[in-house]
K.L.:
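Before I ask anything, let me first share the structure, which is written out below as structure tokens.
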Amino acid sequence: MNASASGGALAGRGIVVTRPAEQARQLAGLIRAAGGNPILFPVLEILDSGDLQPLHALIDRLDEFDVAIFISPSAVNMAMNLITARRSLPPRLRIAAIGRGSTRELKHFGVSDVIAPTRKFDSEALLGLPELAAVAGKRVVIFRGDGGRELLGDTLVARGAVLEYAECYRRGKPNSDAAPLLKAWARNELHAIVVTSSEGLRNLFDMVGKLGQSWLRKTPLFVTHARIAATARELGLAVIVEAGPGDEDLAEGLVRYFTGK
């Protein structure tokens with residue numbers, strides 16, 4: 001973050017961080033370093049997948065695969081903890097990830113040679129890399145949560161890959177009390193909200209209730225992707241800022257918005 005940010009560019013600003021609790025620390029720290037007040041209100045809960053037997057069976061035959069793709073930091077944490085408890089990664093297995101957060105989490109597990117985009121961070125960007133262009137006949141496993149976009153897998157299959165999904169976690173809507181957010185809005189202590197998924201935004205919309213929705217529609221919303229911005233417009237939100245995919249991008253976007261620089 002630039003010098004103006006470190007000097008308190010967000011002083012007096014309450015910024016809601018809606019990432020899952022275990023993923024919110026870095027962004028909250030950047031907001032705090034810029035003088036802002038991060039308000040942690042997770043709108044997604046990362047849960048165990050339930051029956052682990054199919055996942056354990058797949059992990060035991062990882063040697064069959066050529067490429068393993070991790071969709072999110074949660075996929076990395078859930079899958080790699082299970083993998084390292086049972087075995088080591090096969091030396092010939094190539095590892096791929098979509099975003100900076102996933103790449104960072106993989107490094108925590110000692111995985112540094114990662115196929116990943118360097119600019120835009122989504123399935124389309126990953127598919128545009130040369131390593132995933134010629135995959136005919138290759139066996140690919142995608143570690144992900146339950147459901148989600150099928151573009152990545154469908155495209156790899158269309159390119160001739162033999163694909164399997166490994167669903168290693170479930171996403172849920174937290175049963176959280178929105179009263180602190182409503183009070184912050186009423187006291188003019190809530191100035192912006194950061195949301196990093198369309199599912200999370202819909203959860204937030206439900207969780208704050210009718211009164212909160214009227215405030216939400218007028219509060220600046222900072223998002224990481226055009227798909228989330230489209231969801232925000234569907235819900236009638238008026239001020240939407242596409243800041244970029246990473247925590248640093250979000251923090252810089254907040255600073256630019258509130259300082260006009």
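Keep in mind the model is a prediction, meaning the values are calculated, not measured.
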K.L.:
Between Arg87 and Asp63, is there a side-chain N and carboxylate O pair less than 4.0 Å apart?
P.N.:
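A salt bridge is present here (some side-chain N lies under 4.0 Å from a carboxylate O).
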K.L.:
Can you list every side-chain hydrogen bond (donor to acceptor under 3.5 Å, both in side chains) pair that touches residues 40-49, not counting sequence neighbours?
P.N.:
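Output for this query is empty, none listed.
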K.L.:
More than 12 foreign heavy atoms under 6.0 Å from CZ of Arg86: is that the case here?
P.N.:
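Counting other residues, nucleotides and ligands, CZ of Arg86 exceeds 12 neighbours.
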K.L.:
Check whether any side-chain heavy atom of Arg159 sits under 4.5 Å from a side-chain heavy atom of Thr155, and report yes or no.
P.N.:
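Result yes, sub-4.5 Å side-chain heavy-atom pair found.
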K.L.:
Are Glu131 and Arg94 close enough for a salt bridge, meaning some N to O gap below 4.0 Å?
P.N.:
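No, Glu131 and Arg94 are not salt-bridged.
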K.L.:
Rounded to the nearest 0.5 Å, how far apart are CZ of Phe121 and OG1 of Thr103?
P.N.:
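Between atom CZ of Phe121 and atom OG1 of Thr103 there are 8.0 Å.
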K.L.:
Hey, what do you get for CG (Leu93) to CD (Glu64), rounding to the nearest 0.5 Å?
P.N.:
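Leu93 CG to Glu64 CD: 11.5 Å, rounded to 0.5 Å.
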K.L.:
Looking only at non-hydrogen atoms, find the nearest pair between Gly253 and Ala243 and report the distance.
P.N.:
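In this case the closest contact between Gly253 and Ala243 is CA-CB, 4.3 Å.
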K.L.:
With a 6.0 Å cut-off (strictly less than), is the heavy-atom count around CG of Asp51, excluding the residue itself, greater than 12?
P.N.:
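Correct, the count exceeds 12.
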K.L.:
A side-chain contact here means heavy atoms from C-beta on lying under 4.5 Å apart; do Val16 and Leu181 qualify?
P.N.:
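Side chain of Val16 against side chain of Leu181, heavy atoms only: contact under 4.5 Å found.
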K.L.:
Taking only residues two or more places apart in sequence or in another chain, which ones pass salt bridge (charged side-chain N to carboxylate O under 4.0 Å, His left out) with Asp177?
P.N.:
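Salt bridge (charged side-chain N to carboxylate O under 4.0 Å, His left out) list for Asp177, sorted by chain: empty.
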K.L.:
Mind checking the CG-CD spacing from Leu221 to Glu242? Nearest 0.5 Å is all I need.
P.N.:
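Output value for this atom pair is 10.5 Å.
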K.L.:
May I ask you to test the Val223-Val241 pair for a side-chain heavy-atom distance under 4.5 Å?
P.N.:
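The answer is no, as the side chains (C-beta and beyond) never meet within the 4.5 Å cut-off.
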K.L.:
Quick one: do Glu150 and Arg144 make a salt bridge, cutoff under 4.0 Å?
P.N.:
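Yes, Glu150 and Arg144 are salt-bridged.
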K.L.:
Look at the rings of Trp215 and Trp185 and say which category their plane angle falls in: under 30° parallel, 30 to 60° tilted, over 60° perpendicular.
P.N.:
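Rings of Trp215 and Trp185: parallel, under 30°.
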K.L.:
Assess the residue pair His191 and Thr219 against the criterion (side-chain contact (heavy atoms from CB on, under 4.5 Å)); give the C-alpha distance rounded to whole Å, side-chain angles, the decisive distance to 0.1 Å, and a yes or no.
P.N.:
CA-CA 7 Å; His191 302 92; Thr219 302; over 6 Å; no
K.L.:
For Ala232 and Ile240, work out which heavy atoms get closest and say how close.
P.N.:
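Heavy-atom minimum between the residues: CB-CD1, 3.6 Å.
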K.L.:
Evaluate the side-chain proximity of Lys218 to Val239: yes if any heavy-atom separation is below 4.5 Å, no if none is.
P.N.:
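Result no, sub-4.5 Å side-chain heavy-atom pair not found.
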K.L.:
Evaluate the side-chain contact (heavy atoms from CB on, under 4.5 Å) criterion for residues Arg92 and Asp66: first the C-alpha distance (whole Å), next the side-chain angles of each, then the deciding distance (0.1 Å), finally the verdict.
P.N.:
CA-CA 7 Å; Arg92 64 178 290 273; Asp66 300 290; 2.4 Å; yes
K.L.:
If you group Ile, Leu, Val, Met, Phe, Trp and Tyr whenever their side-chain heavy atoms sit less than 4.5 Å apart, what else falls in with Tyr165?
P.N.:
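Reading the cluster by chain and number, Tyr165 sits alongside Val67, Ile69, Ile71, Ile98, Ile115, Leu126, Leu127, Leu129, Leu132, Val135, Val140, Ile142, Leu151, Leu152, Leu156, Val157, Leu163.
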K.L.:
If you compare all heavy atoms of Ala97 against all heavy atoms of Pro117, which two are closest, and at what distance to 0.1 Å?
P.N.:
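Looks like O-CD, 3.4 Å.
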K.L.:
Could you check if a side-chain atom of Phe205 sits within less than 4.5 angstrom of a side-chain atom of Leu216, using non-hydrogen atoms only?
P.N.:
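Yes. Closest side-chain heavy atoms under 4.5 Å.
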K.L.:
Hey, what do you get for NZ (Lys107) to OG (Ser102), rounding to the nearest 0.5 Å?
P.N.:
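Lys107 atom NZ to Ser102 atom OG measures 12.5 Å (nearest 0.5 Å).
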K.L.:
What distance do Ile193 atom CD1 and Phe222 atom CZ have between them, rounded to the nearest 0.5 Å?
P.N.:
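One gets 10.5 Å once the value is rounded to the nearest 0.5 Å.
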K.L.:
Do you know which two heavy atoms are closest between Ile228 and Ser197, and how far apart they sit?
P.N.:
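The answer is CD1-N, 3.5 Å.
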K.L.:
Can you name the side-chain hydrogen bond (donor to acceptor under 3.5 Å, both in side chains) partners of Ser198, sequence neighbours left out?
P.N.:
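Ser198 satisfies side-chain hydrogen bond (donor to acceptor under 3.5 Å, both in side chains) with Thr231 once adjacent residues are dropped.
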K.L.:
Is it the case that one hydrophobic cluster holds both Val195 and Leu235, taking links as side-chain heavy atoms less than 4.5 Å apart, direct or via other members?
P.N.:
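Yes; Leu235 is reachable from Val195 via cluster members.
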K.L.:
Do Leu40 and Leu201 belong to the same hydrophobic cluster, where Ile, Leu, Val, Met, Phe, Trp and Tyr are linked whenever their side-chain heavy atoms lie under 4.5 Å apart, directly or via other members?
P.N.:
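Looking at the clustering, Leu201 is in a separate group from Leu40.
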K.L.:
Which label fits Phe70 and Phe143: parallel for a plane angle under 30°, tilted from 30 to 60°, or perpendicular past 60°?
P.N.:
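It falls in the parallel class, under 30°.
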K.L.:
Should Leu106 and Ile46 be counted in the same cluster of Ile, Leu, Val, Met, Phe, Trp and Tyr side chains packed under 4.5 Å apart?
P.N.:
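Different hydrophobic clusters.
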K.L.:
Is a side-chain N or O of Asp249 found less than 3.5 angstrom from the main chain of Gly246, in a donor-acceptor match?
P.N.:
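Present.
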K.L.:
Applying salt bridge (Lys or Arg N to Asp or Glu O under 4.0 Å), run through Arg100 and Glu105 and close with a yes or a no.
P.N.:
CA-CA 9 Å; Arg100 292 173 183 164; Glu105 289 301 319; over 6 Å; no
K.L.:
Taking salt bridge (charged side-chain N to carboxylate O under 4.0 Å, His left out) as the test, write out the residues that go with Lys173, two or more places apart.
P.N.:
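Applying salt bridge (charged side-chain N to carboxylate O under 4.0 Å, His left out) to Lys173 gives Asp206.
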K.L.:
Donor-acceptor pairs are to be reported for all side-chain atoms of residues 22-38 against protein atoms at under 3.5 Å, with residues two or more places apart or in another chain.
P.N.:
unit_1 : atom_1 : unit_2 : atom_2 : d
Gln23  : NE2    : Ser74  : OG     : 2.5
Gln26  : NE2    : Glu248 : OE2    : 3.0

K.L.:
Rounded at 0.5 Å granularity, tell me how far CZ in Arg19 sits from OG1 in Thr224.
P.N.:
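Between atom CZ of Arg19 and atom OG1 of Thr224 there are 7.0 Å.
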K.L.:
Do the charged groups of Glu164 and Arg139 touch, with an N to O distance under 4.0 Å?
P.N.:
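Here Glu164 pairs with Arg139 in a salt bridge, since their nearest N and O are under 4.0 Å apart.
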K.L.:
Considering all heavy atoms of both residues, which atom of Ser176 and which atom of Pro42 are nearest to each other, and what is their separation?
P.N.:
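Scanning both residues completely, I find the closest heavy atoms to be OG-O, 4.5 Å.
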K.L.:
Please say yes or no: joined through hydrophobic side-chain contacts below 4.5 Å, possibly via intermediate residues, are Leu204 and Val17 part of one cluster?
P.N.:
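No, no single cluster joins them.
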K.L.:
Mind running salt bridge (Lys or Arg N to Asp or Glu O under 4.0 Å) on Arg202 and Glu199 for me, showing each step along the way?
P.N.:
CA-CA 5 Å; Arg202 294 188 187 281; Glu199 181 181 0; over 6 Å; no
K.L.:
Taking all non-hydrogen atoms of both residues into account, name the closest pair between Glu167 and Gly145 and its distance.
P.N.:
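Looks like CG-O, 3.7 Å.
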K.L.:
Are Val76 and Ile95 connected in the hydrophobic side-chain network, where two residues link if heavy atoms are under 4.5 Å apart?
P.N.:
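Per the 4.5 Å side-chain linkage, Val76 and Ile95 are co-clustered.
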K.L.:
Using a strict cut-off of less than 4.0 Å between a Lys/Arg side-chain nitrogen and an Asp/Glu carboxylate oxygen, indicate whether Lys120 and Asp122 qualify as a salt bridge.
P.N.:
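Looking at Asp122 together with Lys120, the answer is yes, because their closest N to O distance falls below 4.0 Å.
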K.L.:
Indicate yes or no: at least one non-hydrogen side-chain atom of Asn77 is less than 4.5 angstrom from one of Phe109.
P.N.:
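Of all side-chain heavy-atom pairs linking Phe109 with Asn77, at least one is under 4.5 Å.
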